[in-house]
Amino acid sequence: MRLPIVISIGFLASLTLGTQIIPQFPMQLTQPTAIAAEKKLPNKNTKNLQPTTITLQRTACFGACPVYKLTIFVDGRVVYTGERYVKVTGKRTTRISPKAVKQLAAEFQKLNYFSLPESYAGGPTDMAFAITSITIGKTRKSVNHYLGSPNAPQTLTALENKIDAVVNSQQWTGVKNQPTPNPNDSNSSQLETNRQLWNQQKLSHYRYTFRRSCFCAPKATEPAVIEVRNGKVVSITDAKSGKPVDSEIFQQYDSIPKLFDVIKDAIARNASSLTVKYDPKFGYPTQINIDYDQQMADEELYLTIEKLEAIN
């Protein structure tokens, strides 16, 4: 498991930097910030406002995930605190260039960080959190990213990995920094090819039988028949009894496009193992096997999609 990393960027005026860092973040928040009194973002024309703190934390998981925290300041000073499953425990300090800090702050801007939800949840259990934050003036924004969530954007994972890489956290954690997901790998190519094949079918009314194998509640592993009309799920029933089941259990998998998104998320998160089988005629995935992290137990996910048929 990985612990949260915290990076702080304090504004030191012209004493430390000859130029100002003025990241112009989006002007609207979709979620309230962690500080109740700070409801507005800094005016993008206010030149005196600087990023004062950026944080990334990686938390524990059900396994040997590195747990640590980083703090980076605007002058390039970095504070690391290691807790568990890391090469170095306790506090260490180092420095990176102020230019690198400025570039890191720009990554938050590219992501439209202030427009993100404050948390991403769901997905397989027993995984770690990556918690990032940035403070601008008196406004603070943080995002709690559960690494099992199928809803988190690939760009957020890339930002978290970028922080690790810029700081070179590997020197303390002993864990190789994860690269930004490569969209050109074989799984990505297969995904896009088959997604296009599926889209060409123009099937808006269909049903299929779905089965999931995972370390989760028994009722979540029972085969279910999912029916979709006009691109929206209309019913989910038990494959044996025909009775309705709890739709929330299947909401991440209740359409073929969502199943494609599960594959895309696994690629974005650099899953340790990802094996997908596609239907050669229609392009939809018939089997999705994912091991997100070999160091973690019971987070594997196995999905089977069968008996897909068009309906009137």
Side-chain angles (χ1 to χ4, degrees), residues 1 61-63 65 119-129 145-154 157 187-188 190-191 194-195 198 203 205-229 231-280 282-311:
M1 298 190 58
C61 67
F62 189 75
C65 295
S119 66
Y120 290 95
T125 59
D126 301 326
M127 299 188 72
F129 279 85
H145 173 200
Y146 177 63
L147 298 181
S149 172
N151 303 315
Q154 174 180 342
T157 301
N187 273 316
S188 291
Q190 292 177 16
L191 170 62
N194 285 281
R195 192 202 297 265
W198 167 258
L203 285 178
H205 306 335
Y206 58 90
R207 71 166 62 95
Y208 59 94
T209 300
F210 173 83
R211 182 160 40 88
R212 169 173 48 183
S213 177
C214 60
F215 188 76
C216 47
K219 62 181 180 180
T221 63
E222 295 294 329
V225 176
I226 299 174
E227 184 170 320
V228 176
R229 290 184 180 274
K232 297 182 179 180
V233 61
V234 294
S235 70
I236 302 178
T237 57
D238 184 271
K240 296 179 181 179
S241 67
K243 296 180 179 180
V245 298
D246 185 356
S247 61
E248 291 186 1
I249 297 176
F250 302 93
Q251 64 181 350
Q252 298 170 12
Y253 317 105
D254 59 11
S255 72
I256 298 301
K258 286 187 178 181
L259 291 167
F260 281 127
D261 288 341
V262 170
I263 301 168
K264 181 179 179 181
D265 175 70
I267 295 171
R269 291 163 50 188
N270 294 311
S272 297
S273 176
L274 172 63
T275 303
V276 184
K277 294 181 180 180
Y278 296 93
D279 182 86
F282 294 101
Y284 68 91
T286 59
Q287 185 72 49
I288 306 172
N289 300 334
I290 307 173
D291 183 356
Y292 290 95
D293 191 337
Q294 291 180 347
Q295 295 182 349
M296 295 172 56
D298 302 323
E299 43 71 51
E300 298 88 352
L301 183 65
Y302 306 97
L303 308 178
T304 301
I305 301 90
E306 55 189 2
K307 299 181 181 179
L308 185 141
E309 59 179 341
I311 56 179

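Along the sequence shown, the residues carry numbers beginning at 1.
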Taking all non-hydrogen atoms of both residues into account, name the closest pair between Gly283 and Asn194 and its distance. O-CB, 3.2 Å
Measuring from atom CG of Leu274 to atom CD1 of Ile290, what distance do you get when rounded to the nearest 0.5 angstrom? 5.5 Å
For a 4.5 angstrom cut-off between non-hydrogen side-chain atoms, does Thr237 reach Glu227? no
With heavy-atom distances below 4.5 Å as the criterion, would you say the side chains of Gln252 and Lys258 are in contact? no
Is there side-chain contact between Lys307 and Val225, with at least one heavy-atom pair below 4.5 Å? no
When you compare the side chain of Tyr292 with that of Asp265, does any pair of heavy atoms fall below 4.5 Å? yes
Would a 4.5 Å heavy-atom cut-off, applied to side chains only, mark Arg195 and Ile263 as touching? no
Correct closest heavy-atom pair for Leu203 and Ala310 would be CD2-CB, 3.8 Å
Nearest-0.5 Å distance that lies between atom CG in Asn187 and atom OG1 in Thr275: 7.5 Å
Tightest non-hydrogen contact, residues Phe250 and Ala220, listed as CE2-O, 4.2 Å
Contact summary for Arg211 and Thr221, nearest pair of heavy atoms: CG-O, 4.1 Å
What class does the angle between the rings of Phe129 and Tyr146 fall in, given that below 30° is parallel, 30 to 60° is tilted and above 60° is perpendicular? tilted
Nearest-0.5 Å distance that lies between atom NZ in Lys243 and atom CG in Asp238: 9.0 Å
Do you know which of Val262, Leu303, Asp279, Leu259 makes side chain to side chain contact (heavy atoms under 4.5 Å, CB included) with Pro285? Leu259
Whether Tyr278 and Phe260 hold their rings parallel, tilted or perpendicular, with breakpoints at 30° and 60°: parallel
Can you check whether Ile256 reaches Tyr208 side chain to side chain, under 4.5 Å on heavy atoms? yes
Please name all residues satisfying ring-ring contact (aromatic ring centres under 6.0 Å, His included) with Tyr206, sequence neighbours left out, ordered by chain then number. Trp198
Looking at every heavy atom in both Ser149 and Ala121, which two are closest together, and how far apart are they? OG-O, 2.9 Å
I need the Leu308 CG to Phe282 CZ distance, nearest 0.5 Å. 7.5 Å
Got a donor-acceptor contact below 3.5 angstrom from the Arg269 side chain to the Leu147 backbone? yes
Is there a side chain to side chain contact (heavy atoms under 4.5 Å, CB included) between Val276 and Leu191 once you walk through the steps? CA-CA 9 Å; Val276 184; Leu191 170 62; over 6 Å; no
Heavy-atom distance under 4.5 Å between the side chains of Lys219 and Ile249, does that happen here? yes
Non-hydrogen side-chain atoms of Ile305 and Tyr253 separated by less than 4.5 Å: no
CD1 of Ile267 to CD of Gln190: how many Å apart, nearest 0.5 Å? 8.5 Å
